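Below is one structure; the comments refer to it alone.
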Amino acid sequence: MTTDLDALFSAALGARAQAHAPYSRFPVGAALRDEHGRIHSGCNVENAAYPVGTCAEAGAIAAMVAGGGRRIRAILVLAAGARLVTPCGACRQRIREFADPATPIHAAGPGGVLARFTLEELLPASFGPETLG
Ligand code: THU
């Protein structure tokens, strides 16, 4: 049986295969489920002007917003590092914009999911839309 997590994993794996990462040689895929149950994916897109490159999570979030989604119910990031790959600091903040403290953030390798965190665990005492009042 295909679970919700399997679907996120497959989407992230497919997106990672499309990554443009000639500089770091570190392809990353991300996939998220929105409030409509739709899955959106993204990959890292690097640039010869290095700081212009974008993370996989940013691509998945942009796809969600363009597709009409506004809430992240779950997100998964997939890479093949020797160490567990979790979203970078900037991407934690990007996720924060559209997620709740309890939203699951899954870290996966090519063989499967390795760890599960919540947004609150990865970005405690965070700044968000409601902070602005
Ligand atoms: N990267 C992501 O796409 N997501 C992460 O969560 C960590 C890092 C990308 C950025 C860059 O293209 C490459 O991985 C190496 O840092």
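Note that the structure is predicted; figures quoted are calculated from it, not measured. One-based numbering, in listed order, for ligands and for the atoms of each.
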Any side-chain heavy atom of Leu119 within less than 4.5 Å of one from Asp100? no

So does Ala99 get a backbone contact from the side chain of Arg71, meaning a donor-acceptor N/O pair under 3.5 Å? yes

Heavy-atom contacts under 4.0 Å to ligand 1, chain-then-number order, include exactly Ser24, Phe26, Val28, Asn44, Glu46, Cys55, Ala56, Glu57, Thr86, Pro87, Cys88

Verify the distance criterion only: is there a donor paired with an acceptor across the side chains of Arg92 and Thr86 at less than 3.5 Å? yes

May I ask you to say whether Glu57 pairs ionically with Arg96, meaning some side-chain N is under 4.0 Å from a carboxylate O? no

May I ask you to test the Val65-Arg70 pair for a side-chain heavy-atom distance under 4.5 Å? yes

Applying side-chain hydrogen bond (donor to acceptor under 3.5 Å, both in side chains) to Arg38 and not counting sequence neighbours gives none

